[in-house]
Amino acid sequence: MNTADNAPSILRQKDPEVATWLQREDKRQATTLTLIASENHCSAAVREASASRITDKYAEGYPGKRYYGGCEVADGVEELARQRAMQLFAGAEDANVQPHSGTTANLSALLALAGAGGRIVGMMLKAGGHLSHGHDKSHTGMVFQAKQYGVDGTGRIDLDEVRKVCKEHQPKVLIAGGSSYARNIDYAAFAAIAKEVGALLLADIAHPAGLIAAGVIPSPVGIADVVTMTTHKTLRGPRGGMILAKKEIAKQINSSVFPGSQGGPLVQQIAGKAVAFGEALRPEFKAYQQQVKANAAFLAERLMAAGLDLVTGGTDNHIVLVDLRKTDVTGAQVEERALAAGLSVNKNAVPGDPRPPMVTSGLRLGTAAVTTRGFGRDQIATIADVIVGLVRGGDAERFRATIQGLCEAFPLPR
Ligand code: DSN
């Protein structure tokens, strides 16, 4: 159990040092507004499941086929998570809920489908892609022969370029998806390109998984051969990954996760995933995701009305990527100012960014976590005005009281 929920806790008695750190994190989250697009606040039920005694259990293998005795409960939990996942993502033929993270999910899926040394094509990190889509500092850029596509002058995916790169490189796997791409992806068009060059299509929906599960934006399930995701971003579950696969490749995918890439699954995280999927199957989740999307659209509108540039000129999902190149500040500077004001954001490269990754010319914002706190238009308007003020050089301390007021009026959900 979370230390703040049941203080004085056993942890505080047994290990006050760790308890103090965790309590500081509770306080940090309570007194900060999270606008990091990949973060959210999962429920107390998810946290309870993820901290449960099943953490002690080894369960290498899959339900009904384990390498250890005493796995009947782990089997039940994992099968429940799998069934709920397939119900949530309509059209999914198989679900693997064991990946420890999104990167592990991608690595496992790519090894299954392309094989070590195989050719892959994904979106450049700077264009909005992800490290695990073939970046040269990621094992996916070392183990595979990777080529990458960028975006057009407006920041949108250029399907002609995707086709060109695929025709030249002849990949076994084409990846669609990213970590700072604010627009819907035309998965059918990607599937057509993959088919043209004889590749399989992997859709990485780590960021918009919750919006897709709720049917608020288009889904690649049933179109892509394999869909990877994380469970802790818009999906609002515990930290972890998941892979949905078409039946004919499910066996390869499962073997690539275990024993290929991982040992024992984190059954406590799988229990947390099951709880989160159960929550996501309720009608309130759809309303929540509609609000996440509406809040992002309004944030984008308000920032642009104040004269800030956005990559692609808006958003279709929960992400807003501010292009700071026409201002006199860097992403790193705004990140620091925002933190001083009580806003947790992250600097992020924009397409064609001349600055290095630890500096950048962009600011990535996301509305998933503040919408979990209950934010609507009025609160988003305030946040937008604070961000504009910070970019224009306003004193961060001046905004601190406003952000604190919002934190108190919209506390973290239990
Ligand atoms: N850390 C994730 C994100 O922020 O998008 C990607 O790995």
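When a ligand or atom number is given, it counts from 1 through the structure's own listing order. The first residue in the sequence is number 1, and the count goes up from there. Being a predicted model, the structure only gives us computed values, none of them experimental.
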*Among protein heavy atoms, which lies nearest atom 5 (O) of ligand 1, and at what distance?*
His207 NE2, 2.7 Å
*asked:* Under 6.0 Å from the ring centre and within 45 degrees of the ring axis: does the NZ or CZ of Arg377 meet both conditions for the six-membered ring of Phe298?
replied: yes
*Step by step, would you call Thr372 with Tyr288 a side-chain hydrogen bond (donor to acceptor under 3.5 Å, both in side chains)?*
CA-CA 7 Å; Thr372 292; Tyr288 160 66; 3.0 Å; yes
*Please work out whether any backbone atom (N, CA, C, O) or any side-chain heavy atom from C-beta onward of Arg364 is under 4.0 Å from ligand 1, and answer side chain, backbone, both or neither.*
side chain
*In terms of atom number and element, which parts of ligand 1 are under 4.0 angstrom from non-hydrogen atoms of His130?*
6 (C), 7 (O)
*Protein contact to atom 1 (N) of ligand 1 [nearest heavy atom, distance to 0.1 Å]*: Ser38 OG, 4.3 Å
*Do Asp204 and His130 have side-chain N/O donor and acceptor atoms under 3.5 Å apart?*
no
*Distance-only polar pair, side chains of Arg12 and Gln23, donor-acceptor under 3.5 Å*: yes
